[in-house]
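One structure below.
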Amino acid sequence: MPELPEVETTRRGLEPLLVGRRIRTAVVRNRAMRQPVPRGLPQRLQGATVRALGRRGKYLLFDCGTGTLILHLGMSGRLWVVRDGAAPAKHDHFDMVLDDGTIVRLRDPRRFGLVLWHAGDPLTHVLLAKIGPEPLSTDFDGAALHAATRGRSVAIKHALMDSHVVAGVGNIYASEALHRAAIHPGTAAGKLSHASCEALAQAVRETLEIAIRAGGSSLRDYVSSDGLAGNYQNEFLVYDRAGLPCRRCGAKIREIRQGQRSSFYCSRCQKA
DNA sequence: CGCCAGGCCTGCACGC
DNA sequence: TGCGTGCAGGCCTGGC
């Protein structure tokens with residue numbers, strides 16, 4: 001479930017159910033995530049009231065007053081609300097039981113996700129401190145993208161996925177935004193003009209906003225649960241559309257490998 | 001069996 | 001020396 005639109009969709013879905021609620025108990029069934037889940041986490045959470053549910057990049061931030069639960073969904077993580085008290089399944093590693101009996105449950109088969117605790121300002125956490133501008137904020141625009149890419153020879157697709165350049169853009173939405181801006185994914189980031197950076201920053205913003213409006217994308221391992229089903233996968237311009245016609249010009253979408261990740265683009269719309 | 005998958009970190013060799 | 005870069009590999013499970 002993991003790029004910014006999916007995380008934001010999750011955040012928006014959980015926020016009204018969570019904020020103001022007390023956490024009755026928390027259960028950790030498997031500590032072996034990308035980093036070990038802190039041993040004392042259930043004790044920290046027990047009795048805490050969730051004051052706010054925020055997001056920075058792909059990280060969800062549960063403000064508990066005395067500290068923050070930092071949660072990342074990795075590649076295969078999903079966070080949803082269980083209302084019927086259903087028994088946890090194989091990869092359900094973490095539960096928060098609220099004072100009204102609902103359960104917020106994390107399922108993450110690959111365990112690339114994170115469940116951490118941080119006392120104080122979460123933005124000072126080592127994993128968050130150096131993250132670049134939020135793409136939907138005014139901090140991110142053509143000038144910011146231009147400044148962040150000067151002198152860099154890396155492919156722009158790669159740069160977009162670099163969280164230090166801009167937060168929250170992953171493999172799907174990098175390809176999508178580049179198509180929207182008519183920029184070839186292999187273009188050296190530092191060669192982009194001011195105008196191209198402006199177009200690309202705008203395209204990143206539009207792509208993410210449209211995807212959020214669609215509730216994010218639902219791929220392969222998605223399990224429908226709580227009205228959190230996303231639909232943006234039906235609107236992909238290029239992602240996973242190799243060989244299919246470009247929605248804009250009709251030329252065949254191509255697939256290449258960049259840094260061991262798949263990139264998709266239209267060779268007619270997106271010039272090198 | 002091998003390959004692939006929405007993330008992200010580390011280590012290495014290399015060039016400037 | 002120190003960076004940026006482009007790789008490879010690792011962390012895991014599951015689907016094809």
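All values derive from a computational prediction rather than experimental measurement. Order of the sequence lines fixes the chain letters, A, B, ..., with proteins taken first and strands second; residue numbering starts at 1 for each chain.
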Do you know which of A/R180, A/H179, A/E235 makes side-chain hydrogen bond (donor to acceptor under 3.5 Å, both in side chains) with A/T207? A/R180
Pairs meeting criterion side-chain hydrogen bond (donor to acceptor under 3.5 Å, both in side chains) with involvement of residues 31-50 of chain A, two or more places apart: none
Are A/D108 and A/S76 close enough that a side-chain donor and a side-chain acceptor fall under 3.5 Å? yes
Assigning hydrophobic clusters by single linkage (Ile, Leu, Val, Met, Phe, Trp, Tyr; side-chain heavy-atom cutoff under 4.5 Å), is [X] placed with [Y]?
{"X": "A/Y59", "Y": "A/L208", "result": "no"}
{"X": "A/L178", "Y": "A/Y265", "result": "no"}
{"X": "A/F112", "Y": "A/M161", "result": "no"}

For a quick check of understanding: with a heavy-atom distance under 4.0 Å over all strands, which category does A/S262 fall into, base, sugar-phosphate or nothing? sugar-phosphate
Could you check whether A/H158 gets within reach of a base, just the sugar-phosphate, or nothing at all, counting any heavy atom under 4.0 Å? nothing
Is atom CZ of A/R254 surrounded by more than 12 heavy atoms (other residues, nucleotides or ligands) closer than 6.0 Å? no
Could you work out the separation of C/dG9 and B/dG2 based on their P atoms and round it to a whole Å? 14 Å
Pairwise P distance, C/dT5 and B/dG6 [rounded to whole Å]: 23 Å
Does B/dG6 have OP1 or OP2 sitting under 4.0 Å from an N or O in the side chain of A/Y239? yes
Looking at A/R78, I'd like to know whether one of its side-chain N or O atoms comes within less than 4.0 Å of OP1 or OP2 on B/dG6. no
In Å and rounded to the nearest 0.5 Å, what is the CG to CG distance from A/L69 to A/L60? 9.0 Å
When rounded to the nearest 0.5 Å, the distance separating OG of A/S218 from CZ of A/R78 is 7.0 Å
Could you give the [atom1]-to-[atom2] distance, from [X] to [N], as a whole number of Å?
{"X": "A/Q35", "N": "B/dC9", "atom1": "CD", "atom2": "C1'", "answer": "10 Å"}
{"X": "A/L127", "N": "B/dC9", "atom1": "CG", "atom2": "P", "answer": "6 Å"}
{"X": "A/M161", "N": "B/dA5", "atom1": "CE", "atom2": "P", "answer": "11 Å"}

By a strict heavy-atom criterion of less than 4.0 Å, which residues belonging to residues 177-192 of chain A are in contact with DNA chain B? none
Could you give the start and end, 5' to 3', of the contact zone on DNA chain C for chain A, using atoms under 4.0 Å from its heavy atoms? C/dT5 to C/dG14
Base-paired stretches in DNA chain B with three or more consecutive Watson-Crick or G-U pairs, both distances under 3.5 Å, amount to B:2-5 with C:13-16, B:7-16 with C:2-11
Is A/R56 salt-bridged to A/E134, cutoff N-O under 4.0 Å? yes
Ion pair A/R12/A/E15, N-O distance below 4.0 Å: no
List every contact pair, protein side and nucleotides 11-16 of chain B side both N or O, where the distance is under 3.5 Å.
none

Please report, to 0.1 Å, the donor-acceptor pairs under 3.5 Å made by any side chain of residues 16-29 of chain A, with sequence neighbours excluded.
from	atom 1	to	atom 2	distance (Å)
A/R21	NE	A/D99	OD1	2.7
A/R22	NE	A/G47	O	3.3
A/R24	NH2	A/D99	O	3.1
A/R29	NH1	A/D92	O	2.7
A/R29	NH2	A/D95	OD2	2.5

